[in-house]
Amino acid sequence: MKLRIQISRKPGVLDPEGRAVHHALEGLGFSGIQDVRIGRMVELQVADDISDAAIEDMCRKLLANTVIENYRVEKVA
Amino acid sequence: MPFSAAVVTFPGSNCDRDMAVALESVTGRAPLRLWHGDAELPGGLDLIALPGGFSYGDYLRSGAMAARSPILKGVASAANAGVPVLGVCNGFQVLTESGLLPGALMRNKNMHFICRDMPLRVENAASRFTTGYAAGQEITIPVAHHDGNFFADDETLDRLEGDGRVAFRYLDNSNGSRRDIAGILSPAGNVLGMMPHPERAVDAAHGGTDGRILFESILNALAPA
């Protein structure tokens, strides 16, 4: 089974990379952009019988830093 | 008893030698050099130093991989048993990632790598790392980092300030750290994490010796004069 884990900064946590990209997009002439937030995606290939608790554990212990980041797990196939 | 310090090297550490030289210069004894894969620490350590650098290439997040390396279990038990631990720059990032210190260090607000002398104010001159300074003293210590933007929620920040756990603040906050925080202490005061590099200011040839006082404070805390 494939897991896709989306990691994003929590709302309210400054995202300097997003801000720089926002600025660069405007520099290229794109208008109407209200906000840019940059995150990270981790894809894992795992055994089909993996428990949800183990997935949560992996996210909390390593993949995301829950002080500043949220994560969302998607079971792809 | 001679002072027994250890410097941990992770793959990608690059200030470990500077840290060892600074410790030897102040304590008169070369520190032990430990490797990230070492599962056990020697007993009887008076200080464990986590140096600056780019451990594991900053993969995932700065300090994230090092915080899960075998040696950190030993560092965490030593810290919980009261052994002084000093984390500088990447070492500070490792301490927050491992949960030994609160908060997180994010990309600098202006996205620049900042490498220059930084004026700081000593906020807590009573910790075992800072007794050689006067409270409120202004000192200069170099910084060199890309991810030094300290973040914690308001409640954590209030607690850090209320408990006197802010060790140093930037006088010129260029990385965006909340409440200008440059260095913080653990609740028991035996763990200090800081972005500025005291080991780069221990010899007049470095351009300043304000960092030397920090190492002297650690030494004096162990064996009061």
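Lettering of chains follows the sequences in order, A, B, ..., and the numbering in each one begins at 1.
In this structure, B:Phe151 and A:Val13 approach most closely via the heavy-atom pair CZ-CG2, 3.7 Å.
Heavy-atom contacts from other residues, nucleotides or ligands closer than 6.0 Å to CZ of B:Phe113 number more than 12. In this structure, B:Glu40 places its CD atom where only 12 or fewer heavy-atom neighbours from other residues, nucleotides or ligands lie under 6.0 Å away.
Contact count against chain B (heavy-atom pairs under 4.5 Å) is highest for A:Asn65 among A:Asn65, A:Leu63, A:Ile68. Residue with the most contacts toward chain A among B:Arg68, B:Arg61, B:Lys109: B:Arg61 (heavy-atom pairs, distance under 4.5 Å). Contact count versus chain B (heavy atoms, under 4.5 Å) is highest, among A:Gly12, A:Ala20, A:Pro16, for A:Pro16.
For a residue to count as touching a neighbouring chain, one of its non-hydrogen atoms must lie under 4.5 Å from one of that chain's; by this rule A:Glu17 touches chain B with backbone and side chain alike. Neither the backbone nor the side chain of B:Asp153 comes within contact range of chain A; no heavy atoms are under 4.5 Å apart. No part of A:Lys10 comes within reach of chain B, as not one of its non-hydrogen atoms sits under 4.5 angstrom from that chain.
Every pair tested for ring-ring contact (aromatic ring centres under 6.0 Å, His included) that includes a residue from residues 11-65 of chain A fails, sequence neighbours excluded, so the list is empty.
With sequence neighbours excluded, the residues that form a side chain to side chain contact (heavy atoms under 4.5 Å, CB included) with A:Ser51 are A:Ala53, A:Ala54.
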Starting from the C-alpha separation in whole Å, work towards a yes-or-no answer on side-chain contact (heavy atoms from CB on, under 4.5 Å) for B:Met111 and A:Arg19. CA-CA 10 Å; B:Met111 295 295 286; A:Arg19 207 172 49 179; over 6 Å; no

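With hydrogens and angles ignored, the 3.5 Å screen pairs no side-chain donor or acceptor of B:Arg107 with any backbone N or O of A:Asp15.
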